[in-house]
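Have a look at the structure below before the remarks.
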Amino acid sequence: MWKGKERATTPDSDSEFLDLNPIITYRHLQSHALGVKDPLRVIALCDSDAFYAGCEMVRLGVDPEQPLVVSQWDSIIAVNYPSRKFGITRMDKVKDAQKRCQNLMVVHVATYKEGDAEPGHWENPNTKTHKVSLDLYRRESSKVHNMFKESLPAGVELEKASIDECFIDFTRPVREELLRRYPHLAQAPPTGTDTPLPPPSTPIIWNANTNLVPINPKDDVTDNPGGPSASTRGDSELEEPPITWHDVALSIAADMMERARDQVRTKLGYSTSAGIGRNKFLAKLTASYRKPNSQSVLRNAAIPHYLRPLPFQKIRFLGGKLGNAVAKEYEVSTVGDLLAVSLDEFQKTFGEDSIWIWEIIRGIDRSEVKEKPPNTKSMAASKNLATPVTMPCEGPHWVRVMAAELTLRLNDARELSPNLWPRTISLSTRQGWSVTQRKQAPFPFVRNVTIDVVAAAGDKLWKELVGPLNSTKPLSTKITHVCLSLHGVEAGEVNQQGIESFLSKTPNSPSKRKRKVDSDNEVDETMPTSSHGESELKLDIDYFVCDRCKKQITLPKELMTASALDEDIRRDALGSLRAEHQDFHFAQDLSRMPSDDERPRRPNSESTIHPKKKRKHKGGGAEGEGIARFFTKR
DNA sequence: GTGGATGAG
DNA sequence: CGCTCATCCAC
């Protein structure tokens with residue numbers, strides 16, 4: 001029901017939009033810590049165009065004009081711009097899309113199946129056996145992010161907002177550039193630092209690849225991109241307001257943004273779109289003014305016209321239930337409509353916190369651009385089961401598929417932060433459409449996270465949640481969804497250098513150092529020698545046989561090659577493999593044990609460690625990633 | 001610790 | 001009821 005009978009402001013004025021032309025003084029220009037109150041604040045949002053599709057195009061080296069979509073089973077999850085011309089959209093079915101575009105290239109997202117060490121791109125993966133992996137996109141995303149870090153000027157704040165977006169706070173480098181370009185601004189006049197700056201005298205030369213969101217409705221060519229621009233048309237009856245220093249600041253940021261986007265485009269092959277404005281919200285909104293491969297600037301003077309017609313449910317966090325509730329409550333759909341609702345009214349209906357709605361529709365956003373830790377705190381691998389699980393014994397299969405993905409991702413993340421450790425692992429299942437159950441447990445304290453370890457932990461949870469791993473007794477309700485996840489993935493507080501310090505701490509070359517090998521890690525010399533005949537080197541310590549499972553564990557090929565050859569290195573690697581294998585048994589013992597049972601003894605005191613405790617390194621030392629991973633990492 | 005809600009893309 | 005993921009909150 002519409003309650004806004006008393007309008008506080010006239011709908012036709014811009015008076016709802018506060019502070020569009022703030023006074024900027026010499027003091028503002030000199031201050032370094034104004035934060036969100038800085039009248040010269042400049043924020044950008046840059047996102048990759050149809051990112052998943054872009055990744056596949058780069059991977060496959062396809063022509064930029066080739067219509068391409070990324071599929072997931074029968075659905076389309078990403079549509080590149082050439083294929084959008086055919087009216088293909090995100091949730092279309094592959095079959096329908098192909099009907100619309102003969103020439104359409106359809107790439108299925110990478111998938112895993114049980115036993116695969118890595119996800120791969122298969123033409124026709126089976127949803128009954130495979131699980132999709134978004135890994136490629138995460139990796140490419142971090143490449144893009146790193147490229148931005150490299151190519152943006154010093155002093156920016158960079159916040160990764162999602163897999164394909166980042167916010168950039170240009171305020172600092174822009175102010176520095178402003179003072180370089182206009183040195184007279186550095187010196188306050190006799191009237192003091194609170195004197196307003198003289199207006200800019202020279203016209204702005206806007207970056208040639210930058211769009212300006214028009215200030216006057218008559219100049220709007222949004223629906224007619226090929227049409228004449230406001231600046232060339234010259235028939236506007238409305239005057240443009242004078243240039244402000246904030247406009248100049250925006251133009252400097254536009255130059256900086258363009259340079260960085262160009263690097264990403266030329267070095268990595270990803271086209272991006274950016275929006276630049278006075279805060280995060282406006283930057284984000286402006287990024288979609290023109291896409292793809294473009295950037296746009298929203299001057300303060302353009303805010304009212306840009307915001308008023310906007311359907312407010314397009315605003316972040318208003319796209320869901322809250323937005324719906326607001327729309328229903330006031331029977332409105334655009335920002336302009338909503339402006340008539342007073343702050344009091346909002347707060348009466350939607351609570352104190354709804355002040356942010358009141359502010360956001362007026363273009364006010366105090367949120368800061370803040371660098372975030374590169375790693376997410378949780379990692380999940382989940383799948384809807386096209387063929388539901390009907391017996392407990394089917395669990396280990398899916399657990400293993402999920403475990404493979406999580407193991408890969410965790411170890412990946414550890415390349416950057418070697419001390420990352422998950423606090424808990426959890427398994428959740430869903431039966432029917434709403435019932436979900438979840439069990440969690442401490443993540444096992446093993447030195448190397450392998451698929452076996454994660455799967456063993458997952459199996460244990462499955463057993464608690466569903467039933468014995470070997471049971472063929474039909475479940476009362478089929479399981480339609482499985483999700484294995486890690487939580488509280490954070491770096492331990494010590495030993496930040498990880499493997500690097502370990503390697504550099506060794507004063508002598510590894511081959512010359514004298515070390516004692518644990519008797520437990522001694523090689524069983526009575527066993528037959530390896531069959532790796534291709535190496536000409538003596539291979540007397542390249543494997544061991546596990547007492548418990550009688551399995552033969554052999555050094556990987558990387559360590560069999562001449563380049564990696566050093567007896568000590570192989571001995572250490574074998575020791576690590578043995579410890580890792582024992583860790584696995586330990587994890588398995590745990591998983592077989594009734595929950596309230598006594599903990600099993602660890603196979604040896606060195607083979608398992610507490611992630612947060614410092615651990616003395618022993619032995620080892622080598623170069624190259626392929627080898628480093630066989631050594632104790634913490 | 002568990003279950004649920006919300007939201008993005 | 002796409003599917004996959006992340007975060008937050010009540011209890």
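Here is the naming used below: chain letters follow the sequence lines, and residue numbers restart at 1 for every chain. Bear in mind the structure is a predicted one, so any value in this text is a computation, not a measurement.
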Measure from the side chain of Gln440(A), starting at C-beta and using heavy atoms only, and say which of dG1(B), dA6(C), dT4(C) lies closest.
-> dG1(B)
Base, sugar-phosphate, or nothing for Leu322(A), non-hydrogen atoms under 4.0 angstrom?
-> sugar-phosphate
Take atom CE of Met379(A) and atom C1' of dT4(C), then tell me their distance rounded to the nearest Å.
-> 15 Å
For Gln347(A) and Ser354(A), does a side-chain donor sit closer than 3.5 Å to a side-chain acceptor?
-> no
Looking at every strand, decide which applies to Ala381(A) at a 4.0 Å heavy-atom threshold: base, sugar-phosphate, or nothing.
-> sugar-phosphate
Side chain of Gln437(A): nearest nucleotide among dC5(C), dT2(B), dG3(B)?
-> dG3(B)
Please state whether the phosphate of dG3(B), meaning OP1 or OP2, lies under 4.0 angstrom from any side-chain nitrogen or oxygen of Arg430(A).
-> no
Find out whether Thr429(A) and Trp462(A) are in side-chain contact, i.e. whether some heavy atom of one side chain is under 4.5 Å from a heavy atom of the other.
-> yes
Rounded to the Å, how far apart are Lys284(A) NZ and dA8(B) P?
-> 9 Å
Separation of dG3(B) P from Gln431(A) CD (nearest whole Å) = 11 Å
Atom-pair distance (CE on Met91(A); P on dG9(B)), nearest Å | 13 Å
Report yes if at least one side-chain N or O of Gln72(A) is closer than 4.0 Å to OP1 or OP2 of dC3(C); otherwise report no.
-> no
dC5(C) phosphate, OP1 or OP2, under 4.0 Å from Ser382(A) side-chain N/O | yes
Of the listed dG7(B), dG3(B), dC3(C), the closest approach to the Trp73(A) side chain comes from dC3(C)
Does Thr376(A) put a side-chain nitrogen or oxygen below 4.0 Å from OP1 or OP2 of dA6(C)?
-> yes
Would you say dG4(B) has OP1 or OP2 under 4.0 Å from some side-chain N or O of Thr436(A)?
-> yes
More than 12 heavy atoms from other groups under 6.0 Å of CG on Asp353(A) | no
Hey, is the side chain of Ser485(A) poking within less than 4.0 Å of OP1 or OP2 on dC5(C), counting only N and O atoms?
-> no
Do the side chains of Ile163(A) and Arg138(A) get nearer than 4.5 Å, heavy atoms only?
-> yes
Measure from CD1 on Ile425(A) to P on dG1(B) and round the result to the nearest Å.
-> 14 Å
More than 12 non-hydrogen atoms from neighbouring residues, nucleotides or ligands closer than 6.0 Å to CG on Asn146(A), yes or no?
-> yes
What nucleotide, of dT4(C), dG4(B), dC5(C), holds the atom closest to the side chain of Val132(A)?
-> dT4(C)
Could you tell me whether Lys160(A) atom NZ has more than 12 heavy atoms of other residues or ligands within 6.0 Å of it?
-> yes
Where the side chain of Ser378(A) is defined as all heavy atoms beyond and including C-beta, which of dC5(C), dA6(C), dG3(B) is the nearest nucleotide?
-> dA6(C)
In whole angstrom, give the distance that lies between atom CZ of Phe317(A) and atom C1' of dC8(C).
-> 11 Å
Give one of base, sugar-phosphate or nothing for Lys131(A), where a contact means two heavy atoms less than 4.0 Å apart.
-> sugar-phosphate
Closer than 4.0 Å, any side-chain N/O of Lys377(A) to the OP1 or OP2 of dA6(C)?
-> no
Interatomic distance where CZ belongs to Arg316(A) and C1' belongs to dG7(B) [whole Å] = 10 Å
Whole Å only: how far is the CG atom of Asp164(A) from the C1' atom of dA8(B)?
-> 10 Å
